[in-house]
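Computation of the quantities below employed the complete heavy-atom set of this structure, encompassing side-chain atoms and omitting hydrogens, waters and symmetry-equivalent molecules. Convention: sequence-line order gives letters A, B, ...; per-chain numbering from 1.
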Amino acid sequence: MHRLLSVLLAFVIACGAGCGGGTNCNNTCRSAGATQCSGPQVQTCTADANGCLAWSAAASCGAQRFCSAAANACVACAGTCSSPGSTHCSGAQVQTCSADANGCLSLSVPAACPPGQECLSGQNRCVGPSCSTPKVVAASAPVGPSSDPGTCLRPVGQSAFPADQVQHMGTRTVGDVVSFNVAAGTGSFSIVSQAMNASASDVTFIFGGQDITVPNSVVPVIVSQPDGTTFYDDNAAPPSDPATALAAYAGLTPSTGAFTAPNTTASLNAFDGGVPAGTWSFKVSDFAAECASFGPGSCRDGGSATSTYDISVLTVPARGRSSGTVDVSFYLVTNSITAASAVSNAGMLRMLSTLETIYGRAGVCLGTVTFYDVPAWARAKFATGVAGDRTGPCDELDQMSTLSIPSNTLNFFFVDDIRPSAASGIGTVVGIDGSIPGPSTFGGTVHSGAVVNASDLGHGTCGSSIDLSGCGSDVVAYITAHEGGHWMGLYHSTESFGSTFDPVADTGQCVCTQCAPVASQPKCAANHPSLSPGQLPTQVTVADCNKGGSCDGSQFLMFWLFDATSLGQFSAQQAQIVRANPVVH
Amino acid sequence: MLSILIAAFFAAAGTVRPEPPSASPEEAEVVTKDELSDDDVRDQVNAYLGSIDTPIRANQWKVLGPRAVPLLEQIVHSDQELPTRRAKAIEGLAALGSPNASTLFTEIAAREHEPVVVRFAAVRGLARVTPPRQAAAALKPILEGAKDSRVRALAAEQLAIRSRGKSCDLVRAQVERESEDSRAHYHRALGRCPKEK
């Protein structure tokens, strides 16, 4: 009896572990098919030939699955990446895709790149500057006339490009059709027009029932490709998505202007193998000529069909590389610093270092950096005298640009103040680019430079990383880089109203109606709000535009404003456009 | 060209953009954005101070209302803030017309150690918040007392503008006292005054 009870008890105990198998089984699990975890692997309760149950050897759960202790079963990884070792940028920091203890792939916590490197969003990896230290020099003598010319200068410059890359077409009248050759292997071209005898009067169009007055900007109209198809038509309505246009020409360029392609996503894609070789053509034109051609129904004032321009076409070989060099000139229109002291000034050198870091994100190194003094009369006239809203060829901004010397450099004029608009109620700015893009390789013209308020230089404290809240030299570098970005052909990635965007598809968009504070969205421009007199539509901010999706883009240098969190990045396509500009070699 | 005309309604990129045709003078009454939260106002102030090449209009500051004033005053007073940011904050305060603005701007304009961009903003701001009849009294001490000839010249220009030429005798008298080099700064001020017969 005791033995029977013992057997029964053993059976009960065995059943407690799993009532399967024969009476001689020493089952280690209860029911076939049950699972349990062994670390990240799984064991399955299986029956042997005798029906005895036992846990199998631990086995993998399969690709991107692991055994969850909570469920005692295999579950899918909540992975955030798919390729071990791949990297992803989170701002300027990098995340690495790696397997955790369960074998699941996920992005690591953002970490700083190795010293001297930054995470490039266009490449999703840390990239170190391969640039050599720029050569920083001071010019020995001030540039420009020794006394104020006292008249409006509109010099016609000569390109500093190698002769075999310049097709000088001479003086042409608006309406003339000009042909130029593009050789195989060309990566970009620029049509540079400089006024010889052009109407300096503003032009007033009748558009949408209103009079709109604009400077008489020069623009090539109907640019045709070798196969006869239209590459650009200045009188065609731009597409709703500007990135789909083959060319964008949206700036105001009175007197002197450059039309540089490719500068849109569509043309970058179309020219991936190089600009189509053959004979291109365009019609010389300006707004005055277009206004005259429209007739009185659309042209209120300023129409003229007699202007003449000096025309040059520059061609740049397809570089097929991801880097380039730009030489930079700083014209010190300030009483704060001289060229001789700038080369060793700590604030200036910090500014240069930050500028190189920012441009390095586009694969562009600084080559030779030259500081120039200007004569005393020019400092008195321009250091605090450039008005932000006066951009005509005879206004201070453009006249100051004529001080630049003939060279193929990115020209910046550092000033002490930029005056607010003469029209009351419109505030000041801290940077202005004369035109988008600038007439690269042509120095001394009315648009041969960008102006930057350099008042913050040397102010604040600067640490080891770029600091846009406390380091004044970094702020000056950021503004300089932004205006230089315009010079090299970049537009604001998102304009202030969050309703117009650059012609580049990979810079994100920040749509006001989706990204502005909810209370402000009814007053977004796209909603055609009813506004009080003088009130403007809602404007999008950095904080509105750093969320990804349709609220993206403030991470880029060319966003319309910056704050302490700005990252100053270039998208891959922006970097392509910059590197294709003739100023980059 | 069409893109330019379309952009003229809103904003062209990069360069200082054309005036939207419907914009009215700065003095137009604007409705304060009461619906904005305090955080929204703070964000907007921060945004405007970070504008690069897009000018911020007086009405844009005004719309933020009095809640923006202490935020801007804090920035103007802080020696940790960068000069251009302080100058923009002064511009905002001038637009908002805060009660303390006149006193604050007078103090800053008189400080010789301030960066010129800050002093310039203060001089312009002082001229803006001072009624035209009191412009001479407010600006004359700067015109005659500032050690930096550029600041004196700006005071002269603002005085000529605000008084609509009625204080040009003060401007001309100051020009007479200036050295040959310093007189070069006064061409804008004199340009606001009727030519002497």
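Within the 4.5 Å cutoff, the side chain of B/Ile108 has heavy atoms near those of the B/Val76 side chain.
Of the two parts of A/Ser566, neither the backbone nor the side chain holds a non-hydrogen atom closer than 4.5 Å to a non-hydrogen atom of chain B. Of the two parts of B/Pro115, only the side chain, counted from C-beta on, holds a non-hydrogen atom closer than 4.5 Å to a non-hydrogen atom of chain A. Contact annotation for B/Val116: only side-chain heavy atoms (C-beta onward) come within less than 4.5 Å of a heavy atom of chain A.
Chosen from A/Val542, A/Val430, A/Asp502, A/Asp456, the residue pairing most often with chain B at heavy-atom distances under 4.5 Å is A/Asp456. Among B/Arg188, B/Gln80, B/His185, B/His187, the residue making the largest number of heavy-atom pairs under 4.5 Å with chain A is B/Arg188.
In this structure, a donor-acceptor pair under 3.5 Å is present between the side chains of A/Ser455 and A/Asn453.
In this structure a side-chain-to-backbone donor-acceptor pair under 3.5 Å is present from A/Thr428 to A/Ile418.
A salt bridge does not link B/Glu91 to B/Arg128: none of the charged nitrogens lies less than 4.0 Å from a carboxylate oxygen. The pair A/Asp416-B/Arg150 meets the salt-bridge criterion, since a charged nitrogen lies less than 4.0 angstrom from a carboxylate oxygen.
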